[in-house]
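Note on naming: letters A, B, ... go to the chains in the order of the sequence lines (proteins, then strands), and numbering restarts at 1 for each one.
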Number of protein chains: 2
Amino acid sequence: MDLRSIMGIYILGRCMCKMVTLKDVAKSAGVHPSVVSRVVNNDDGLHIKEDTRRRILDTIKELNYRPNQSARNLKKNETKMLGMVIPDFSNPVYASIIHGAEDQAAMENYNLLVYSMKQKGLKKNYFSHLLEDRIDGLLIANSESDDTEILELQKTNKPFVLVNRLINGINNYVVLNDELGGKLATKHLTELGHKRIAHITGPLFTGTGLRRFQGYRQGLREADIEFNSSHVQESEYTVESGYASMQKLLNLPELPTAIFASNIMICLGAMRAIYDKGLSIPEDISIVGIHDTFFGSSLFPSLTTVKMPLYEMGAESVKKLIASIKGDERENGQGLTIKEASLIVRDSTRELD
Amino acid sequence: MDLRSIMGIYILGRCMCKMVTLKDVAKSAGVHPSVVSRVVNNDDGLHIKEDTRRRILDTIKELNYRPNQSARNLKKNETKMLGMVIPDFSNPVYASIIHGAEDQAAMENYNLLVYSMKQKGLKKNYFSHLLEDRIDGLLIANSESDDTEILELQKTNKPFVLVNRLINGINNYVVLNDELGGKLATKHLTELGHKRIAHITGPLFTGTGLRRFQGYRQGLREADIEFNSSHVQESEYTVESGYASMQKLLNLPELPTAIFASNIMICLGAMRAIYDKGLSIPEDISIVGIHDTFFGSSLFPSLTTVKMPLYEMGAESVKKLIASIKGDERENGQGLTIKEASLIVRDSTRELD
DNA sequence: TTGTATGCGTTATCAC
DNA sequence: GTGATAACGCATACAA
């Protein structure tokens with residue numbers, strides 16, 4: 001290493017760290033850049049003398065060479081990045097999905113770029129822009145945005161996967177067995193002897209809300225309990241809306257003895273409403289929710305809930321997306337429903353006297 | 001548009017969407033690519049005939065041209081992406097920080113790439129790799145990782161900012177006024193007449209845990225209450241650890257009448273421990289936490305807590321990081337402490353009889 | 001087994 | 001005002 005290069009690197013004591021390139025490695029190892037490239041990429045099929053490989057590998061380490069991603073991206077026309085759109089980071093449901101997605105992505109050498117819809121100054125055609133700008137594929141895990149915008153994405157040549165969401169005509173999706181979830185919750189209550197079981201649904205224009213509702217009806221049916229529409233309140237997936245819906249149920253002439261809340265936010269709101277009315281859980285009213293969050297067992301009383309495989313859904317979505325990116329047509333256009341769902345019994349439900 | 005190009009675009013009915021490049025736009029608009037580039041980049045100083053500009057802009061719209069980010073990145077040696085390391089997506093505290101960071105990043109035309117330390121198969125030197133691979137700068141918001149690894153980062157030419165964390169010798173940080181937070185929590189309790197106020201601290205090797213503890217002592221001092229070390233339990237920032245710590249406090253010969261929990265996780269654990277012991281909040285024991293999360297008002301009882309400006313901290317961190325990237329040396333090496341903190345009184349604390 | 005040549009799409013520095 | 005040209009760092013088809 002000569003004086004000039006040292007001077008190039010240190011200017012006024014601040015490390016400018018001029019990037020080490022393939023060429024530098026090649027020169028230092030006394031080979032042609034393309035050979036270095038092949039070694040770096042573990043290009044099998046192309047055999048490289050063991051001696052040269054060693055020498056190159058050593059030089060790489062010595063110079064601390066790291067390939068320039070941007071150059072790679074440009075050359076190979078891929079970014080090894082996946083996008084993911086979620087409604088809101090503070091929603092614990094999405095935290096689990098992200099976790100699964102991130103793990104799977106890392107395992108397959110991709111990075112996950114998560115965008116929340118709460119982001120300020122969100123533009124129209126946000127998805128398309130995303131997809132065409134930086135990422136190789138997109139996971140769409142938000143329930144709110146307009147279907148038409150998503151349908152537009154099909155005009156792009158880049159793949160996307162719907163996560164926990166269904167849209168007519170789009171078959172790249174991964175969803176949960178929400179119907180089973182709703183049924184498990186409801187059956188738990190019927191098995192405890194409850195008859196007047198109310199359901200606070202999610203928005204019924206969402207697949208999750210609707211399917212959990214169907215599970216509820218199925219659960220009632222299997223217990224030979226007649227469906228009573230006054231026991232159903234449609235709510236948004238928010239604490240506030242859950243609270244309001246519960247209040248309506250509490251104004252019924254004959255109070256329900258049990259509540260099935262369609263998600264954790266609704267559930268929190270409903271519990272608060274019950275307390276504010278001066279009633280106790282589970283003494284006066286049992287309640288069961290959907291989704292097992294980190295604070296479920298910290299609530300008072302701890303929450304009986306249905307655990308849905310959110311982590312797995314995240315991971316499977318990434319698998320599917322990467323398969324699409326790699327052009328695996330078997331994966332493309334085949335929806336996946338993850339079957340499992342399980343009841344976690346805690347203290348918010350009790351047997352009816 | 002001639003037949004050949006159409007054939008190039010559609011193969012077997014599937015849109016291959018061959019990327020539209022600068023060249024395509026140039027050819028179609030009858031100018032040289034470099035002119036298009038200047039228009040796209042709003043290159044002021046270089047004047048472009050209004051007529052040409054219009055024509056180019058129209059062509060861009062018509063062909064739906066979008067600049068190739070990878071090429072830009074390569075050329076300009078920047079990615080317009082910021083990395084952010086957090087311990088865990090499911091921690092609601094970080095959700096707020098991310099939200100603020102994401103907003104600010106979007107406003108300054110950056111993307112935010114969030115990595116959790118829970119990610120599977122995390123390698124050594126993870127931070128350095130991150131920093132050199134894809135991003136222009138890094139926000140480090142995790143409290144766990146080794147200081148030495150972070151000190152290593154200084155050898156890189158890319159900037160980073162510590163978020164909610166202090167390390168000796170590193171002055172690029174944004175932190176909260178945790179001492180004030182601790183003091184506010186404690187003073188609230190003293191003002192309610194409590195004398196035996198226990199504190200479940202965070203890990204005392206973390207700046208946050210330590211400073212909140214100092215705030216606690218200061219709060220006691222200002223109320224002329226003598227510090228009692230048996231009233232202090234050190235805990236991790238987890239529900240389980242908070243539970244265990246509270247159990248120890250509940251075994252004291254003389255029970256504390258109030259608890260200050262150093263964060264929301266600890267707080268949840270402590271509340272559960274109190275209930276499991278058969279005691280009531282706030283009748284038997286008052287409790288106040290740090291951080292206002294979406295479920296704070298949904299807990300039973302709703303939680304009195306200190307609201308810290310997490311969102312702002314996220315936003316400020318990004319501002320600082322981008323300033324560093326742009327080479328603004330005033331920003332570089334100047335720590336920032338966000339002063340505000342405010343008490344939110346709910347139902348988990350009450351006046352001592 | 002290794003070297004050569006070319007180009008990915010863009011921007012910057014020229015010259016005209 | 002606009003056009004020509006080179007270069008960013010890498011990967012790959014092809015030649016040797």
Side-chain angles (χ1 to χ4, degrees), chain A residues 8 16-57 59-60 63-80 109 132-134 136 157-158, chain B residues 8 16-57 59-60 63-80 109 132-134 136 157-158:
Chain A
M16 298 303 284
C17 294
K18 195 173 141 305
M19 172 177 270
V20 180
T21 71
L22 266 188
K23 264 189 200 163
D24 300 328
V25 176
K27 201 190 296 176
S28 179
V31 294
H32 194 273
S34 59
V35 185
V36 181
S37 172
R38 291 190 280 251
V39 169
V40 168
N41 293 294
N42 259 322
D43 244 333
D44 292 325
L46 298 178
H47 290 283
I48 285 158
K49 221 200 297 177
E50 202 43 43
D51 175 44
T52 343
R53 155 169 275 125
R54 268 257 64 79
R55 193 152 32 92
I56 292 178
L57 253 23
T59 317
I60 286 177
L63 299 187
N64 192 25
Y65 164 74
R66 322 220 63 232
N68 178 312
Q69 281 298 333
S70 301
R72 274 195 163 160
N73 294 345
L74 173 60
K75 187 70 194 172
K76 306 182 70 167
N77 195 27
E78 64 175 16
T79 63
K80 286 282 183 183
N109 264 307
E132 300 191 18
D133 280 359
R134 299 189 165 295
D136 293 338
N157 61 340
K158 289 191 185 169
Chain B
M16 298 304 285
C17 292
K18 195 173 143 306
M19 173 178 270
V20 180
T21 70
L22 264 189
K23 267 188 197 163
D24 300 328
V25 176
K27 200 190 298 178
S28 179
V31 292
H32 194 273
S34 56
V35 186
V36 181
S37 173
R38 291 190 280 253
V39 170
V40 168
N41 292 294
N42 261 321
D43 243 334
D44 292 326
L46 297 177
H47 291 282
I48 284 158
K49 220 197 300 177
E50 202 44 43
D51 176 44
T52 342
R53 157 169 273 122
R54 268 257 65 78
R55 195 153 32 93
I56 292 177
L57 252 23
T59 316
I60 285 177
L63 299 186
N64 191 27
Y65 165 75
R66 324 219 62 232
N68 179 313
Q69 281 298 334
S70 300
R72 274 195 165 159
N73 293 346
L74 173 60
K75 188 70 192 171
K76 307 182 73 165
N77 196 27
E78 64 174 20
T79 63
K80 287 283 183 181
N109 264 309
E132 300 192 18
D133 280 359
R134 300 190 165 296
D136 293 337
N157 60 341
K158 290 190 185 169

* Asked: Could you walk me through whether B:Arg38 and B:Thr52 pass the side-chain contact (heavy atoms from CB on, under 4.5 Å) check?
  -> CA-CA 11 Å; B:Arg38 291 190 280 253; B:Thr52 342; over 6 Å; no
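B:His32 has its NE2 atom 13 Å from the C1' atom of C:dA12, to the nearest Å. To the nearest angstrom, P of D:dA7 lies 9 Å from NZ of A:Lys23. In this structure, A:Ile56 places its CD1 atom 13 Å from P of D:dA11, rounding to the nearest Å. Protein atom CZ of B:Arg38 is 10 Å distant from nucleotide atom C1' of C:dT11, rounded to whole Å. Taking atom CZ of residue A:Arg55 and atom C1' of nucleotide C:dT2, one finds them 11 Å apart after rounding to whole Å. Nucleotide C:dT4 holds its C1' atom 15 Å from the CG atom of A:Leu22, rounded to whole Å. One atom, CD of A:Glu78, and another, P of D:dG9, lie 20 Å apart when rounded to the nearest Å. If you take CG of B:Asp24 and C1' of C:dC8, they are 13 Å apart, rounded to a whole angstrom.
Taking every heavy atom of residues 67-76 of chain B and every atom of DNA chain D, pairs under 4.0 Å involve B:Leu74, B:Lys75, by number.
One finds the CG atom of A:Asp51 at 9.5 Å from the CD1 atom of A:Ile56 (value rounded to the nearest 0.5 Å). Note that CZ of B:Arg53 and CD1 of B:Ile48 are 5.0 Å apart. Values are rounded to the nearest 0.5 Å. How far CG of B:Asp136 is from CG of B:Asn73: 8.0 Å, rounded to the nearest 0.5 Å.
Residues B:Gln69 and B:Lys80 have side chains not in contact (no heavy-atom distance under 4.5 Å, counting atoms from C-beta outward). Side-chain contact between A:Val35 and A:Lys49 is absent, with no heavy-atom pair separated by less than 4.5 Å. Residues B:Val31 and B:Arg55 are in side-chain contact: their nearest non-hydrogen atoms beyond the backbone lie under 4.5 Å apart.
Comparing the axis of the opening five pairs of the helix from C:dT1-D:dA16 to C:dC16-D:dG1 with that of the closing five pairs yields an angle of 40°, rounded to 10°.
Of the candidates D:dT5, C:dT10, C:dT1, the closest approach to any side-chain atom of A:Thr52 belongs to C:dT1.
Interface remark: the B:Arg53 side chain does not form any donor-acceptor pair with the D:dG1 base, using a distance-only criterion of under 3.5 Å. The base of C:dG9 lies outside donor-acceptor range of the side chain of B:Arg66, with no N or O pair under 3.5 Å.
The phosphate of C:dT11 (OP1 or OP2) has a side-chain N or O of B:Ser37 nearer than 4.0 angstrom.
Residue contacts shown for B:Thr21 are limited to sugar-phosphate atoms, with no base heavy atom under 4.0 Å away. Among the atoms of the strands shown, none is found under 4.0 Å from any heavy atom of A:Val40.
The minimum heavy-atom distance linking A:Asn41 with A:Arg72 is given by the pair OD1-NH2, 3.2 Å.
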Side chains of residues 20-29 of chain A: which donor-acceptor pairs under 3.5 Å do they make with residues two or more places apart or in other chains?
unit_1, atom_1, unit_2, atom_2, d
A:Thr21, OG1, A:Lys23, N, 3.2
A:Thr21, OG1, A:Asp24, N, 3.4
A:Thr21, OG1, A:Asp24, OD2, 3.4
A:Asp24, OD2, A:Thr21, N, 2.8

